[in-house]
Every structure is written in C-alpha cells, then in structure tokens.
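Right, one structure below, let's go through it.
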Amino acid sequence: MHEEYMRQALALAQEAAAHGEVPVGCVIVREGQIVGRGRNRREEKQHTSSHAEMEAIRQANEVLGTWRLDDCTLYVTLEPCPMCAGAILNARIPRVYYGARDREMGACGGVLNLFMEDFPHPPALVGGVLAEDCRRVLTDFFRNLR
C-alpha cells in the first residue's frame, strides 16, 4: 500500500517537472483516503514555502478543517528539508515515508535528522520507498536542464 501512495506522489513530481519545477510530489493520507496533494510550485508562485509537503499540508488542513494532522501519513518523493520537517513536526504528522535521500538539504538523515531531536510528537520515519524511481525523476529533470 505504501508503494501505491508513493506512486501518487511520483505522479505529482512528474507534473511538477512538466511545469519546470524541481520534481517533488507529496500526498497525505488519512484512513486510506488522500486528503492532501502537493507538488513543488516555487517558480510558479515565487514563494519560498511552496514545497510539495507544504502544499499538501495546507490542502489537508483545509480538507480536514484542522491544523492537527495527528492521524495522517505523509508520503513524499524526496527527503524533507528543514522547513518541511518543521512543518511536519508542527502538524503532528505521526508517520513519514520518503523516496530519495537528499544529501544537500535533507533534514531526515541526509544532512541531519530533526526528527531525532527532543521535539514533542516526532514522526516515525521510513526512507527508500520506490527510491530508484524517485531518484530517476530528479536525475532526468536536472539532466534535461543542462
């Protein structure tokens, strides 16, 4: 089931790439239903915070009518950055699955792991879900830029 949700996130990543955005996609799931979808939109919106996770969290907040996402699971194609990891902590999301590791900006083990610090409500973290597919969409995007 985790792979199916990651495939949904990958479809959003590919949509981001088609719009000239770094291809990262995210879905948030509650009780088997996707309640939040997001893809990178930084170039489109010219907002620093328009990362896939932030977009998905905003949508889940609206759909569920609450800032607390403590019964949700987040799936994202690239390891969250510090900003997104902070939002995940603040939203109290209890489970995070990511695809590719980010050795430049990753805040879940790539550079550091914010979820291992002494914050309340740290999520369980699983990396490497469809990692090769997630890595490939990024590699292809950057190869085509050159």
Side-chain angles (χ1 to χ4, degrees), residues 1-17 19-139 141-142:
M1 194 50 130
H2 301 301
E3 289 183 354
E4 182 52 39
Y5 293 127
M6 190 62 76
R7 282 187 188 88
Q8 295 285 324
L10 267 166
L12 290 163
Q14 291 164 338
E15 183 180 316
H19 287 87
E21 301 277 356
V22 174
V24 179
C26 179
V27 297
I28 297 176
V29 178
R30 179 177 176 244
E31 297 177 359
Q33 300 294 315
I34 295 176
V35 295
R37 296 175 189 273
R39 66 170 176 83
N40 272 356
R41 294 178 185 269
R42 282 195 311 179
E43 298 301 327
E44 173 188 334
K45 293 186 174 183
Q46 291 297 303
H47 292 163
T48 303
S49 65
S50 289
H51 284 197
E53 299 96 322
M54 302 295 280
E55 298 280 316
I57 288 169
R58 267 190 219 97
Q59 188 177 78
N61 293 149
E62 290 173 16
V63 166
L64 299 174
T66 181
W67 63 268
R68 287 183 181 92
L69 302 179
D70 53 4
D71 55 354
C72 295
T73 302
L74 183 142
Y75 295 85
V76 64
T77 58
L78 182 65
E79 175 185 350
C81 73
M83 174 181 67
C84 294
I88 290 164
L89 286 165
N90 278 283
R92 299 185 181 173
I93 297 171
R95 290 167 303 284
V96 173
Y97 292 82
Y98 72 86
R101 169 94 46 196
D102 185 348
R103 301 214 182 273
E104 292 180 17
M105 292 295 292
C108 302
V111 175
L112 59 89
N113 189 340
L114 281 179
F115 298 154
M116 292 184 72
E117 299 302 321
D118 195 24
F119 291 107
H121 317 288
L125 181 65
V126 177
V129 179
L130 298 180
E132 190 54 42
D133 295 336
C134 294
R135 196 173 302 110
R136 186 178 312 109
V137 72
L138 286 158
T139 302
F141 175 80
F142 287 111

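On a predicted model such as this, the values are computed, not experimentally measured, just so you know.
Heavy atoms only, all atoms of each residue included: C134 and A100 are closest at CB-N, 3.8 Å. The shortest non-hydrogen separation linking W67 to N90 is CZ3-O, 3.2 Å. The minimum heavy-atom distance linking I28 with A60 is given by the pair CD1-CB, 4.1 Å. Closest non-hydrogen pair, L89 versus P123, comes out as CD2-CD, 3.9 Å. The heavy-atom pair separating L74 from C26 by the smallest distance is CG-SG, 3.6 Å. Here the shortest heavy-atom pairing between E3 and L130 reads O-CD1, 3.6 Å.
Atom CG of L12 sits about 9.5 Å away from atom CD of Q14, to the nearest 0.5 Å. Summarising the geometry, atom CZ belonging to R68 is positioned 5.0 Å from atom CZ belonging to R92; distances are rounded to the nearest 0.5 Å. Atom CE of M116 is separated from atom CG of L125 by 10.0 Å, given to the nearest 0.5 angstrom. Summarising the geometry, atom NE2 belonging to H19 is positioned 5.0 Å from atom CZ belonging to R39; distances are rounded to the nearest 0.5 Å. Between R58 atom CZ and M54 atom CE the span is 5.5 Å, to the nearest 0.5 Å. Distance CD/E53 to CD1/I93: 9.5 Å, rounded to 0.5 Å.
For the pair P94/H121, no side-chain contact is recorded, criterion being any heavy-atom separation below 4.5 Å from C-beta on. The side-chain heavy atoms of F142 and L138, taken from C-beta on, include a pair separated by under 4.5 Å. Here the side chains of S50 and E55 are in contact, with some heavy-atom distance below 4.5 Å. At a threshold of 4.5 Å between non-hydrogen side-chain atoms, the residues I88 and P80 count as touching.
Ion pair E15/R37 not flagged as a salt bridge, since none of the NZ, NE, NH1 or NH2 atoms sits closer than 4.0 Å to an Asp/Glu carboxylate oxygen. The existence of a salt bridge linking E21 and K45 is excluded, since no basic side-chain nitrogen approaches an acidic carboxylate oxygen closer than 4.0 Å.
Here L64 pairs with R30, V35, T66, L69, C72 under the side-chain contact (heavy atoms from CB on, under 4.5 Å) rule; sequence neighbours left out.
For the pair E79 (side chain) and G110 (backbone), a donor-acceptor distance under 3.5 Å is present. Between the side chain of T77 and the backbone N or O of A9 there is no donor-acceptor pair closer than 3.5 Å. Remark: side-chain polar atoms of N40 are paired, donor with acceptor, to backbone N or O of A52 under 3.5 angstrom. Judged by distance alone, with hydrogens and angles left aside, the side-chain atoms of D102 form no donor-acceptor pair with the main-chain N or O of L78 at under 3.5 Å.
In this structure, Y75 and Y5 have tilted ring planes: the angle between them lies in the 30° to 60° band.
In the displayed structure, Q33 atom CD is contacted under 6.0 Å by at most 12 heavy atoms of other residues, nucleotides or ligands. Within a 6.0 Å sphere centred on CD of Q46, heavy atoms belonging to other residues, nucleotides or ligands number more than 12.
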